[in-house]
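Right, one structure below, let's go through it.
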Amino acid sequence: MLKDRIFMARESLGRSSLDALLVTSLTSIRYLTGFSGSDAVLLLTPEGGCFLTDSRYTTQAGSEVSAFPVCEYRNKLDAVSEWLARAGCRRIGFTASQLTVEIHGELAEKLKGAELVALKDELAEIRKVKDQAELALLESAAIKASDALHDILPLVKPGSVEKDLALELEIAMRRRGADDKAFDFIVASGERGALPHGRATDRVIRAGELVTFDFGAIFCGYNSDETVTVAVGEPDPRLRTVYEVVKEAHDRAIEAVKPGIPLKELDRIARSFIEEKGFGSCFGHGLGHGVGLEVHEKPVVSFRSEDVACDGMVFTIEPGIYIPGVGGVRIEDTVVVESSGCRLLTKVSKELRVL
Ligand code: GLY
Ligand code: MN
Ligand code: MN
């Protein structure tokens with residue numbers, strides 16, 4: 001799998017006539033080498049390359065990184081520029097969004113006349129489509145998180161506190177084998193449900209309220225992302241209607257996912273249904289986003305998207321309706337596009353659950 005990823009990265013070297021690609025993003029480095037530490041640089045050339053790290057990670061890199069020779073540095077930029085000079089690299093690509101102006105300036109000085117070529121994040125483009133190894137890890141992360149939500153549902157009742165539920169969910173997830181949480185969980189009850197990113201607070205949940213849980217696990221570097229809105233006792237009929245509208249928008253979009261459909265069309269399908277039902281102004285964000293080594297990555301699923309769904313692409317479908325002062329509903333699943341449609345990686349049923 002790494003061989004294929006490195007091959008695709010090398011193709012981008014060829015397209016820009018580069019002698020080397022300087023990879024500084026730890027996410028991209030993990031994708032290309034398997035390295036999971038917190039400090040490294042990868043230099044990729046058309047035929048070879050070098051993985052550089054500091055002494056804290058030399059031993060770890062020795063076991064994680066097999067596709068490149070591992071070099072240890074004391075001074076990162078000196079080591080990078082010396083290696084590039086020795087290899088005779090004159091045109092060196094870097095990802096513009098991932099190098100500070102300060103580091104760029106220092107490196108340009110040390111490279112003594114070699115050209116630094118700013119590039120778009122081509123690896124992020126490549127990462128939109130997942131290989132089998134990635135899909136297995138994404139599904140494992142999603143299963144751990146979904147199972148953990150089932151574990152804690154008995155605790156969701158009148159009198160429960162949002163923060164306590166967030167903590168219990170994190171513990172349950174870790175018990176299920178997650179390495180970490182993917183982000184600070186959203187637990188938004190009652191009128192706080194109108195906050196699309198309402199992190200858990202000390203608020204006490206009352207009977208008849210909806211509670212939105214937006215949660216995810218990290219497993220072997222891969223993230224999950226899922227949102228479940230439940231009712232604690234029978235909700236107000238208006239909130240039940242809002243739930244049914246969001247659920248139908250979610251189902252319609254998921255039903256439409258298949259190779260060849262523009263992602264902006266998925267956004268349109270969900271959004272036009274919500275608009276038809278009179279809640280258009282209550283759904284401000286895009287329909288979804290890619291999920292992988294980062295919890296938010298390409299592709300974007302919104303009216304702005306230029307991407308078209310293809311086999312192996314992974315993204316979320318997460319419509320919501322948010323009514324300030326009243327409450328809100330979001331329903332989110334992460335899907336992988338397959339030849340005949342899509343498969344859900346996230347596993348909690350999205351039928352309204354009245355606890
Ligand atoms: N957890 C944030 C989101 O769903 O995008
Ligand atoms: Mn989410
Ligand atoms: Mn999401």
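One-based numbering along the sequence shown. We count ligands from 1, going down the list as the structure has it; atoms in each ligand are counted the same way.
For E332, the nearest N, O or S atom to the Mn ion (ligand 2) falls under 2.8 Å. For a distance bound of 2.8 Å, the N, O or S atoms of D225 include one lying that close to the Mn ion (ligand 3). Checking H296 against the Mn ion (ligand 3), every N/O/S atom stays at or beyond the 2.8 Å cut-off.
Within 4.0 Å of ligand 1, protein heavy atoms belong to F183, H197, D214, D225, H289, H296, E318, E332, listed by chain and number.
Judged by the 6.0 Å and 45° rule, K144 forms a cation-pi pair with F219. Annotation: cation-pi geometry not satisfied between R271 and F303 (NZ/CZ under 6.0 angstrom from ring centroid, within 45° of ring axis). Taking the ring centre of Y31 as origin, the terminal cationic atom of R5 falls inside the region bounded by 6.0 Å and 45° from the ring axis.
Looking only at N/O/S atoms, D214 comes nearest to the Mn ion (ligand 2) through OD1. Taking the Mn ion (ligand 3) as reference, E318 places its N/O/S atom OE2 nearest.
Salt-bridge annotation for D307 and K264: absent, with no side-chain N of the basic residue lying under 4.0 Å from a carboxylate O of the acidic one. Using a 4.0 Å cut-off between charged side-chain N and carboxylate O, K128 and E297 make no salt bridge.
Looking at F68 and T33, their side chains come closer than 4.5 Å, going by heavy atoms from C-beta outward.
Aromatic ring centroids of H104 and F94 lie under 6.0 Å apart.
Between D121 and S97, the side chains place no donor N or O within less than 3.5 Å of an acceptor N or O (distance only, hydrogens not considered).
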